[in-house]
Amino acid sequence: QVLLVESGGGLVQAGGSLRLSCAASGRTFSRHAAGWFRQAPGKQREFVAAISWNDLSTGYADSVRGRFTISRDNAKNTVYLQMNSLKTEDTAVYYCAAARLLGVILPANDYDYWGQGTQVTVSS
């Protein structure tokens, strides 16, 4: 069992930056792929970024590539999402997820564990 708790969300102006953190419990988290998803009001949950278990491979949605960076520190059981050059359309609840797989995982249905989410609001 893996429990995930996100933090770092908040209100930021367009063009600003935020770093989200996802703290995981469970001794086997280092053997899980991880990812970030987001859901804006009235929209479906969408993929943002993913990272392999060993931090060697990453994947990004086209809408965030070049602005967001996913990383992980397995010694701290934590996954990060650095968000730069934020836009108003990045406003959403951001969710961390973990999968009992090792590679870069994009489909939400392939993830086994989810956090409760953290709100990110970007103002114009």
Side-chain angles (χ1 to χ4, degrees):
Q1 182 74 11
V2 174
L3 297 178
L4 304 172
V5 179
E6 303 96 335
S7 62
L11 174 65
V12 64
Q13 286 191 327
S17 298
L18 281 175
R19 188 175 83 154
L20 305 183
S21 298
C22 173
S25 65
R27 292 176 294 175
T28 62
F29 178 70
S30 62
R31 300 289 292 177
H32 287 66
W36 287 93
F37 291 76
R38 67 187 182 186
Q39 187 167 17
K43 295 186 177 181
Q44 290 187 333
R45 187 172 299 189
E46 65 174 0
F47 168 76
V48 175
I51 189 166
S52 61
W53 71 279
N54 57 4
D55 198 16
L56 292 183
S57 299
T58 57
Y60 296 92
D62 289 342
S63 59
V64 307
R65 187 175 289 111
R67 300 188 298 121
F68 291 10
T69 302
I70 188 171
S71 62
R72 68 189 296 165
D73 185 340
N74 284 340
K76 296 182 178 180
N77 273 8
T78 303
V79 178
Y80 304 97
L81 185 68
Q82 178 67 43
M83 305 186 296
N84 298 328
S85 301
L86 283 160
K87 304 175 180 180
T88 55
E89 52 263 44
D90 294 319
T91 294
V93 177
Y94 283 71
Y95 297 90
C96 175
R100 291 190 297 262
L101 298 167
L102 300 181
V104 175
I105 309 302
L106 273 63
N109 288 342
D110 286 347
Y111 283 86
D112 302 291
Y113 307 104
W114 292 84
Q116 292 300 306
T118 184
Q119 176 71 46
V120 171
T121 303
V122 184
S123 63
S124 58

Taking [X] for the side chain and [Y] for the main chain, is one N or O donor matched with an acceptor at less than 3.5 Å?
X     : Y      : result
Thr88 : Val122 : no
Glu6  : Gly117 : yes
Ser25 : Leu3   : yes

Open item on the list: Atom CD of residue position Gln13 - does it have more than 12 heavy atoms of other residues, nucleotides or ligands inside 6.0 Å?
Closed with: no
Open item on the list: Are more than 12 heavy atoms, taken from residues, nucleotides or ligands other than Gln39, located less than 6.0 Å from that residue's CD atom?
Closed with: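 Enclosed.
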Which heavy atom of [X] sits nearest a heavy atom of [Y], and at what distance?
X      : Y      : answer
Ala50  : Val104 : CB-CG1, 3.7 Å
Tyr60  : Phe47  : C-CE2, 3.7 Å
Val2   : Ala24  : CG1-CB, 4.2 Å
Ile105 : Ala99  : CG1-CB, 4.4 Å
Tyr113 : Arg100 : OH-NH1, 3.0 Å
Leu18  : Val120 : CD1-CG1, 3.9 Å

Open item on the list: For a 4.5 angstrom cut-off between non-hydrogen side-chain atoms, does Trp114 reach Arg45?
Closed with: yes
TODO: State, with a plain yes or no, whether a side-chain heavy atom of Gln119 is found less than 4.5 Å away from one of Thr91.
DONE: yes
Indicate, with yes or no, if [Y] and [X] share a hydrophobic cluster defined by side-chain heavy-atom contacts under 4.5 Å among Ile, Leu, Val, Met, Phe, Trp and Tyr.
X      : Y      : value
Phe29  : Tyr95  : no
Val12  : Leu20  : yes
Tyr111 : Leu106 : yes
Leu81  : Ile51  : yes
Met83  : Val48  : yes

Could you grab the distance from atom [atom1] of [X] to atom [atom2] of [Y], nearest 0.5 Å is fine?
X      : Y     : atom1 : atom2 : value
Asp55  : Ile70 : CG    : CD1   : 9.0 Å
Arg19  : Ser7  : CZ    : OG    : 9.0 Å
Leu102 : Ser30 : CG    : OG    : 10.0 Å
Tyr80  : Cys96 : OH    : SG    : 11.5 Å
Asn54  : Asn74 : CG    : CG    : 8.5 Å
Asp90  : Arg67 : CG    : CZ    : 4.0 Å

TODO: Please determine if Asp62 and Arg65 form a salt bridge, counting it only when a charged side-chain N lies under 4.0 Å from a carboxylate O.
DONE: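 A salt bridge is present here (some side-chain N lies under 4.0 Å from a carboxylate O).
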- [ ] Kindly assign one of parallel, tilted or perpendicular to the pair Phe68 and Tyr94, based on the angle between their ring planes and the thresholds 30° and 60°.
- [x] tilted
Open item on the list: Applying side chain to side chain contact (heavy atoms under 4.5 Å, CB included) to Arg38 and Ser63, what does each step give before you reach the verdict?
Closed with: CA-CA 12 Å; Arg38 67 187 182 186; Ser63 59; 3.5 Å; yes
